[in-house]
**Q** 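What follows is a single structure, and I will ask about it in a moment.
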Amino acid sequence: MKVAAVIPAFNEEHRIGAVLKTLAASPEITDIIVVSDGSTDRTYEVAAAVPGVRATQLPTNKGKGGAMRTGALQTDADILLFFDADLVGLTPQHVHDILQPMLAGEATMSMGIFQGGRWATDIAQRFSPGITGQRAIRREIFLQIPNLENVGYGIELAITYYVRHHDLVRKDVILRGVTHPMKEEKLGWVRGAGSRMIMYWQMLRFRISYELYGRPPRIRKKK
Ligand SMILES: O=c1ccn([C@@H]2O[C@H](COP(=O)(O)OP(=O)(O)O)[C@@H](O)[C@H]2O)c(=O)[nH]1
Ligand SMILES: O=C(O)[C@@H](COP(=O)(O)O)O[C@H]1O[C@H](CO)[C@@H](O)[C@H](O)[C@H]1O
């Protein structure tokens, strides 16, 4: 079974190298795809220089969902494995653990949940595991989910709710010791808080719409 790792990355030149090193050392992965989402730093150059990595530079920033969909369309692998580009502490064992239920045919999607990394990044996933950016999913299912290019950070809840809504099998896997820098650490307090507000809104509209109406929100296509 072919497994493509897909990494959406927006201005991650200093962080993406560690993630790509782990993916390159993971025997289950057949293809590593990086989508630099309109980055204005050297993310694309750093990724493209890693042997075995296929990197694309998008001309403009599409948002996380758009970058993930772009990567998914560049492969015919059976399984897509998504990781954020800024992870700290990811090892080939974590990659193995998240893929195991997929390769054994026991799940349509498996989700990696932070635990024992840092309190500040563990806490959100303890209460809301469905927001994680670390997951493996069958490619044909991922590509069935509507509107992905327009949902930005809502992508994780879009996937989680789609799988739940269609009664597909989900497994949760603990990623012990994995963490990531928070937006405020990456961007500073003002820009970080602004980016966080946008992210919460993009996530919240999925939650409200599914809880109230049992369907995804109606999100207009970007022109
Ligand atoms: O417009 C964007 C925003 C984020 N990302 C990537 O999506 C992942 C998660 O984003 P971020 O780190 O901002 O989110 P957090 O993990 O802090 O919620 C990272 O690899 C980002 O580089 C992206 O590709 N496009
Ligand atoms: O943990 C969280 O609350 C958010 C925000 O992380 P930061 O505190 O901004 O680093 O990150 C998760 O949710 C995002 C939206 O679903 C995903 O894009 C991230 O991958 C995930 O780590």
Side-chain angles (χ1 to χ4, degrees), residues 5-12 14-19 22-23 37 63-65 67-68 80-102 107 109-137 142 145 148 151-165 168-212 216-217:
V6 175
I7 313 299
F10 177 59
N11 289 347
E12 303 282 10
H14 299 300
R15 295 170 285 265
I16 196 168
V19 173
T22 295
L23 298 179
D37 187 14
K64 188 181 185 194
M68 286 167 62
L80 301 172
L81 176 63
F82 293 107
F83 284 117
D84 289 350
D86 58 355
L87 298 178
V88 175
L90 186 74
T91 67
Q93 183 63 46
H94 294 125
V95 173
H96 172 82
D97 291 347
I98 203 166
L99 283 173
Q100 196 278 331
M102 305 295 295
M109 173 175 81
S110 75
M111 301 200 314
I113 313 297
F114 292 163
Q115 211 176 84
R118 285 192 299 165
W119 178 86
T121 52
D122 283 1
I123 188 87
Q125 296 194 7
R126 172 172 294 244
F127 293 109
S128 191
I131 67 170
T132 180
Q134 298 23 272
R135 68 178 85 214
I137 184 167
F142 178 80
I145 306 173
L148 288 183
V151 301
Y153 283 108
I155 177 107
E156 306 304 347
L157 288 179
I159 304 171
T160 299
Y161 281 118
Y162 187 90
V163 166
R164 190 181 300 165
H165 210 61
L168 302 170
V169 181
R170 152 186 160 180
K171 288 264 158 115
D172 291 4
V173 173
I174 300 299
L175 300 181
R176 184 156 293 283
V178 181
T179 182
H180 67 170
M182 291 184 285
K183 290 191 172 41
E184 292 78 3
E185 293 171 304
K186 290 206 265 192
L187 302 172
W189 283 101
V190 175
R191 283 178 59 214
S195 176
R196 179 177 296 280
M197 287 305 132
I198 292 169
M199 178 186 73
Y200 283 157
W201 164 241
Q202 290 173 342
M203 292 159 76
L204 193 65
R205 59 188 175 179
F206 274 88
R207 184 145 281 170
I208 292 172
S209 190
Y210 267 100
E211 300 300 344
L212 290 183

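Starting from 1, each residue takes its place in the sequence as its number.
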**Q** If the condition is salt bridge (Lys or Arg N to Asp or Glu O under 4.0 Å), which residues does R196 pass it with, not counting sequence neighbours?
**A**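 If we apply the salt bridge (Lys or Arg N to Asp or Glu O under 4.0 Å) test to R196, skipping adjacent residues, the hits are E184.
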**Q** Rounded to the nearest 0.5 Å, how far does CE of M109 lie from CZ of R135?
**A**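 Reported value, rounded in 0.5 Å steps: 5.0 Å.
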**Q** Between the main-chain N or O of P101 and the side-chain N or O of S110, is there a donor-acceptor pair closer than 3.5 Å?
**A**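 Answer holds: no.
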**Q** Does the side chain of K64 come within less than 4.5 Å of E156's, by heavy atoms?
**A**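 Of all side-chain heavy-atom pairs linking K64 with E156, at least one is under 4.5 Å.
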**Q** Rounded to the nearest 0.5 Å, what separation is found between the CG atom of L204 and the CD atom of E211?
**A**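 Between atom CG of L204 and atom CD of E211 there are 10.5 Å.
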**Q** Among all residues two or more places apart in sequence or in another chain, which pass the salt bridge (Lys or Arg N to Asp or Glu O under 4.0 Å) test with R118?
**A**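 So R118 forms a salt bridge (Lys or Arg N to Asp or Glu O under 4.0 Å) with E185.
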**Q** May I ask you to test the I137-V163 pair for a side-chain heavy-atom distance under 4.5 Å?
**A**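 SC-SC contact between I137 and V163 confirmed.
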**Q** Mind checking what makes ring pair (Phe, Tyr, Trp, His ring centres under 6.0 Å) contact with Y161, not counting sequence neighbours?
**A**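 Y161 satisfies ring pair (Phe, Tyr, Trp, His ring centres under 6.0 Å) with Y210 only.
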**Q** What are the two closest heavy atoms between M111 and T160, and how far apart are they?
**A**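 Here M111 and T160 meet closest at SD-OG1, 4.0 Å.
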**Q** Determine whether I7 and L23 satisfy the following criterion, side chain to side chain contact (heavy atoms under 4.5 Å, CB included), listing intermediate values before the conclusion.
**A** CA-CA 10 Å; I7 313 299; L23 298 179; 3.6 Å; yes
**Q** Among all residues two or more places apart in sequence or in another chain, which pass the ring pair (Phe, Tyr, Trp, His ring centres under 6.0 Å) test with F206?
**A**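 With neighbours one apart ignored, the set is empty.
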**Q** Got a sec, which residues hit side chain to side chain donor-acceptor pair (under 3.5 Å) with D122, two or more places apart in sequence or on another chain?
**A**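 Checked D122 against side chain to side chain donor-acceptor pair (under 3.5 Å); zero matches.
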**Q** What residues, two or more places apart in sequence or in another chain, satisfy salt bridge (Lys or Arg N to Asp or Glu O under 4.0 Å) together with R207?
**A**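 Partners of R207 by the salt bridge (Lys or Arg N to Asp or Glu O under 4.0 Å) criterion come out as none, since no residue qualifies.
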**Q** What pairs with F82 under ring pair (Phe, Tyr, Trp, His ring centres under 6.0 Å), at least two apart in sequence or on another chain?
**A**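 So F82 forms a ring pair (Phe, Tyr, Trp, His ring centres under 6.0 Å) with F142.
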**Q** I'd like to check the side chain to side chain donor-acceptor pair (under 3.5 Å) partners of Q134; sequence neighbours left out, ordered by chain and number.
**A**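 For Q134 there are no side chain to side chain donor-acceptor pair (under 3.5 Å) partners, ignoring immediate neighbours.
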**Q** Side chains of L80 and M68, heavy atoms from C-beta outward: is any pair under 4.5 Å?
**A**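 Contact flag for L80/M68 side chains = no.
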**Q** Could you measure the distance from the CD1 atom of I131 to the CD1 atom of I155? Nearest 0.5 Å is fine.
**A**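 Those atoms lie 14.0 Å apart.
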**Q** For R205, which residues count as a salt bridge (Lys or Arg N to Asp or Glu O under 4.0 Å) partner, sequence neighbours excluded?
**A**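 Partners of R205 by the salt bridge (Lys or Arg N to Asp or Glu O under 4.0 Å) criterion come out as none, since no residue qualifies.
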**Q** T91: what forms a side chain to side chain donor-acceptor pair (under 3.5 Å) with it, not counting sequence neighbours?
**A**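 Scan of T91 (side chain to side chain donor-acceptor pair (under 3.5 Å), adjacent residues dropped) gives H94.
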**Q** Taking the side chain from S195 and the backbone from R191, do they hold a donor-acceptor pair closer than 3.5 Å?
**A**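 No, S195 side chain to R191 backbone: no donor-acceptor pair under 3.5 Å.
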**Q** Please name all residues satisfying side-chain contact (heavy atoms from CB on, under 4.5 Å) with V88, sequence neighbours left out, ordered by chain then number.
**A**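 Partners of V88 under the side-chain contact (heavy atoms from CB on, under 4.5 Å) test: T179, P181.
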**Q** Once side chain to side chain donor-acceptor pair (under 3.5 Å) is applied, do any residues pair with H14, and if so which ones, sequence neighbours excluded?
**A**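 In terms of side chain to side chain donor-acceptor pair (under 3.5 Å), with neighbours along the sequence ignored, H14 is linked to no residue.
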**Q** Under the 3.5 angstrom rule, does the side chain of T132 hit a backbone N or O of I113 as a donor-acceptor pair?
**A**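 Here the side-chain-to-backbone pair does not exist.
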